[in-house]
Amino acid sequence: MPIYEYVCSGCRCQFELLRPLSKAGEEAPCPRCSKAARRKLSAFSSFSKSASGVSTPISGAGGGCSGCSSSSCSTCGS
C-alpha cells in the first residue's frame with residue numbers, strides 16, 4: 001500500500017496515510033479537526049549508491065527538492 005500526503009481544508013494540517021490504491025482519489029478525515037482533507041502532490045528524490053557506499057542524486061542539481069539549491073534538507077524551511 002502506498003503512503004499518500006494530505007492537507008486539511010479546515011486547519012491546514014498536513015499528514016500522511018497508508019491507504020490502498022482503491023482509495024487514492026478519496027478525501028481523508030483530518031486527524032486534528034476531522035474535516036475533509038485533499039490529497040496533495042508528493043515530491044520524491046532518487047539516489048544511487050556507489051560501490052564505496054556514497055549516495056548521490058540521480059538527477060537534478062543541489063538537494064532533493066526541485067526548488068532548492070541546498071545540499072541538505074535540514075536547512076529547508078518547508
Knowing that exactly one of Gln14, Glu27, Arg19 qualifies, which makes a side chain to side chain donor-acceptor pair (under 3.5 Å) with Tyr6? Arg19
Are the side chain of Arg39 and the backbone of Ala24 linked by a donor-acceptor contact shorter than 3.5 Å? yes
Would you indicate whether the side-chain heavy atoms of [Y] and [X] approach each other to under 4.5 Å?
X	Y	result
Pro2	Tyr4	yes
Ser55	Ser48	no
Phe47	Thr56	no
Cys30	Cys11	yes

Specify the closest pair of heavy atoms between [X] and [Y], including all atoms of both residues, with the distance to one decimal.
X	Y	answer
Phe15	Pro29	CZ-O, 3.7 Å
Cys33	Cys8	SG-SG, 3.5 Å
Ser42	Glu5	OG-OE2, 2.7 Å
Lys35	Gly10	CD-CA, 3.8 Å

CD of Glu16 to NZ of Lys40, rounded to nearest 0.5 Å, is 8.5 Å
Consider only side-chain heavy atoms of I, L, V, M, F, W and Y, link residues closer than 4.5 Å, and tell whether Val7 and Ile3 are in one cluster. no
